[in-house]
Amino acid sequence: MLFARPHLLGLEGLTAEEIDFLLDSAESFKEVSEREIKKVPALRGRTVVNLFYEASTRTRTSFEIAAKRLSADTINLSASASSAAKGETLTDTARNLAAMRPDAIVVRHPSSGAPDLLARHVDCPIINAGDGAHEHPTQALLDLLTIRERKGRIAGLTVAIVGDVLHSRVARSNLFGLLTMGAKVRFVGPPTLVPPGFSELGAEIVWDLHEGLKDVDVVMMLRIQRERMNGRYFSSLDEYSRLYCLSADAVARARKDVIILHPGPMNRGVEISSTVADGPYSVIMDQVTNGVAVRMAVLYVLVGRRKAGAEQGEGAVPIALAEASPRRAATGE
């Protein structure tokens, strides 16, 4: 299946076949990270710009490592080090970057819709690394890959997403991806952070933690995003922890083979106990590992396809080539 979209702005609207193609491509790249020399020449001579208007450790580092393992050159820009600190608009920043002919721009921005705005003004692929409370597609893809690896499937599973759903772009991207892949999604948290209106998106809403974890296959914890809160959504952290911290007792309500995910950073003792975070059900480190492979796949599919299409004088790569390319790229052939 050919992923023919020019950008990756979100998972909403993607087909199951497109998501499967990206996940399969990521699996092809996982082996590269296990080598002594962790590099393939797939994107040699290409330039990837990481444009981050928000602080990030895992996502930015993961994209940088992914690009370098594909042999691309990387440029890291933060808001404080860019002309945005002098008042330049996002559109002008994008146009100036585009004039330097990068091959992809990875953008994280506090405003929802910022990557979509950039995509309208530049002619290189835009990859959304998180925009406001809208979407974080590569995080959801790595979560889906982790679930598929551990469970052997996604369809038919029940996934509980617990915590600050209201402010979470991770929750939204996972909701779209999980539903598309045939899973059931249950949002769990206090009514102030899990408004009943979310049921219109296809999720079941449960406000009691122990009830929400009953018989689920996957638990995905969310960070309390206090930096996005402009009011009081619960009386105190102690109260939140008492009612919604993922403890061993709470995990016991889930299926015996449950797996536990967290996009990070974790607030231990608030949303998840150390016993659970470091316990046998946790696949949090698998998520980090899969993040590099997923971002390698996304960069290769978007940038590598443009490269191959340009060489063939076409706008897209034939389906057979698109299916074979990630594996050939991962093996260096």
Side-chain angles (χ1 to χ4, degrees), residues 55-59 62 130 133 136 139-140 142-147 149-151 157-175 178 183-194 198 203-229 232-291:
S56 171
T57 299
R58 279 159 299 280
T59 302
S62 182
H136 193 348
Q139 176 67 48
L142 71 89
D143 293 339
L144 292 171
L145 180 60
T146 304
I147 293 170
E149 285 181 343
R150 287 302 188 108
K151 292 293 188 180
L157 298 178
T158 299
V159 180
I161 301 179
V162 182
D164 184 3
V165 174
L166 180 63
H167 302 98
S168 177
R169 53 199 175 203
V170 173
R172 286 168 175 78
S173 283
N174 268 290
L175 174 67
L178 286 165
K184 297 178 181 178
V185 178
R186 185 180 297 166
F187 283 161
V188 183
T192 52
L193 295 177
V194 187
F198 275 113
E204 178 187 1
I205 306 299
V206 179
W207 293 324
D208 178 79
L209 177 64
H210 287 262
E211 182 64 26
L213 297 187
K214 185 178 180 181
D215 296 328
V216 300
D217 302 283
V218 180
V219 179
M220 183 180 300
M221 301 305 296
L222 300 173
R223 179 178 66 87
I224 297 173
Q225 300 191 38
R226 281 176 283 181
E227 72 276 10
R228 299 188 193 280
M229 295 181 179
R232 292 180 65 87
Y233 291 86
F234 42 84
S235 61
S236 68
L237 285 178
D238 286 341
E239 181 195 49
Y240 183 91
S241 175
R242 181 172 59 83
L243 296 175
Y244 293 103
C245 181
L246 188 65
S247 63
D249 288 342
V251 173
R253 300 283 292 176
R255 294 188 181 276
K256 295 185 182 298
D257 60 347
V258 67
I259 60 173
I260 296 166
L261 295 83
H262 195 304
M266 291 185 290
N267 294 311
R268 292 175 181 259
V270 176
E271 64 226 12
I272 187 169
S273 70
S274 290
T275 301
V276 174
D278 302 326
Y281 304 113
S282 173
V283 295
I284 295 171
M285 291 301 101
D286 290 355
Q287 290 174 268
V288 178
T289 299
N290 286 338

> Any side-chain heavy-atom pair from Asn174 and Val185 closer than 4.5 angstrom?
Replying inline: no

> When rounded to the nearest 0.5 angstrom, what is the spacing between CZ in Arg186 and CD1 in Ile205?
Replying inline: 11.0 Å

> Is the shortest side-chain N to carboxylate O distance from Asp217 to Arg255 below 4.0 Å?
Replying inline: yes

> What pairs meet the side-chain hydrogen bond (donor to acceptor under 3.5 Å, both in side chains) rule with one or both residues in residues 279-291, with sequence neighbours excluded?
Replying inline: Lys30-Asn290, Asp143-Gln287, Thr146-Asn290, Glu149-Asn290, Arg150-Asp286

> How far apart are the closest heavy atoms of Gly163 and Leu193, and which atoms are they?
Replying inline: O-CB, 4.0 Å

> When you look at Val218 and Thr158, which way does the side-chain contact (heavy atoms from CB on, under 4.5 Å) test go after all the steps?
Replying inline: CA-CA 7 Å; Val218 180; Thr158 299; over 6 Å; no

> Could you give the distance from NE2 (His136) to OG (Ser173), rounded to the nearest 0.5 Å?
Replying inline: 8.0 Å

> How would you list, by chain and number, every residue that makes a side-chain contact (heavy atoms from CB on, under 4.5 Å) with Val288, sequence neighbours excluded?
Replying inline: Met285

> Taking all non-hydrogen atoms of both residues, which atom of Ile161 and which atom of Ala171 are closest, and how far apart?
Replying inline: CG2-CB, 4.1 Å

> About how many Å separate CG of Leu243 and NE2 of His210, when rounded to the nearest 0.5 Å?
Replying inline: 9.0 Å

Which atom pairs, donor and acceptor, lie under 3.5 Å between side-chain atoms of residues 258-265 and protein residues at least two apart or in another chain?
from, atom 1, to, atom 2, distance (Å)
His262, ND1, Gly264, N, 2.8
His262, NE2, Glu271, OE2, 2.9

> Has Lys184 got more than 12 heavy atoms of other residues, nucleotides or ligands less than 6.0 Å from its NZ?
Replying inline: no

> Atom CG in Leu246, atom CG in Leu213: separation rounded to 0.5 Å?
Replying inline: 6.5 Å

> Can you name the closest pair of heavy atoms from Cys245 and Leu209 and give their distance?
Replying inline: O-CD2, 3.6 Å

> When rounded to the nearest 0.5 angstrom, what is the spacing between CZ in Phe187 and CG in Leu175?
Replying inline: 4.5 Å

> Is the backbone N or O of Ser168 less than 3.5 Å from a side-chain atom of Arg172, with the two atoms forming a donor-acceptor pair by type?
Replying inline: yes

> Is there side-chain contact between Arg58 and Gln139, with at least one heavy-atom pair below 4.5 Å?
Replying inline: no

> If every non-hydrogen atom of Val206 is compared with every non-hydrogen atom of Glu204, which pair is closest and at what distance?
Replying inline: CG2-OE2, 3.8 Å

> Can you check side-chain contact (heavy atoms from CB on, under 4.5 Å) on Ile284 and Met266, steps first, answer last?
Replying inline: CA-CA 10 Å; Ile284 295 171; Met266 291 185 290; 3.6 Å; yes

>> Determine whether Leu166 and Val194 satisfy the following criterion, side-chain contact (heavy atoms from CB on, under 4.5 Å), listing intermediate values before the conclusion.
In response: CA-CA 6 Å; Leu166 180 63; Val194 187; over 6 Å; no

>> Rounded to the nearest 0.5 Å, what separates atom CG in Leu237 from atom CG in Asn267?
In response: 8.0 Å

>> Run Val159 and Val216 through side-chain contact (heavy atoms from CB on, under 4.5 Å) and show every step you take.
In response: CA-CA 6 Å; Val159 180; Val216 300; over 6 Å; no

>> Is it the case that the side chain of Tyr244 and the backbone of Trp207 share a donor-acceptor pair, with hydrogens and angles ignored and the cut-off at 3.5 Å?
In response: yes

> Yes or no on salt bridge (charged side-chain N to carboxylate O under 4.0 Å, His left out) for Arg268 and Asp278, after CA distance, side-chain angles and deciding distance?
Replying inline: CA-CA 11 Å; Arg268 292 175 181 259; Asp278 302 326; 2.9 Å; yes

>> Looking at every heavy atom in both Ser247 and Ser273, which two are closest together, and how far apart are they?
In response: CA-OG, 4.0 Å

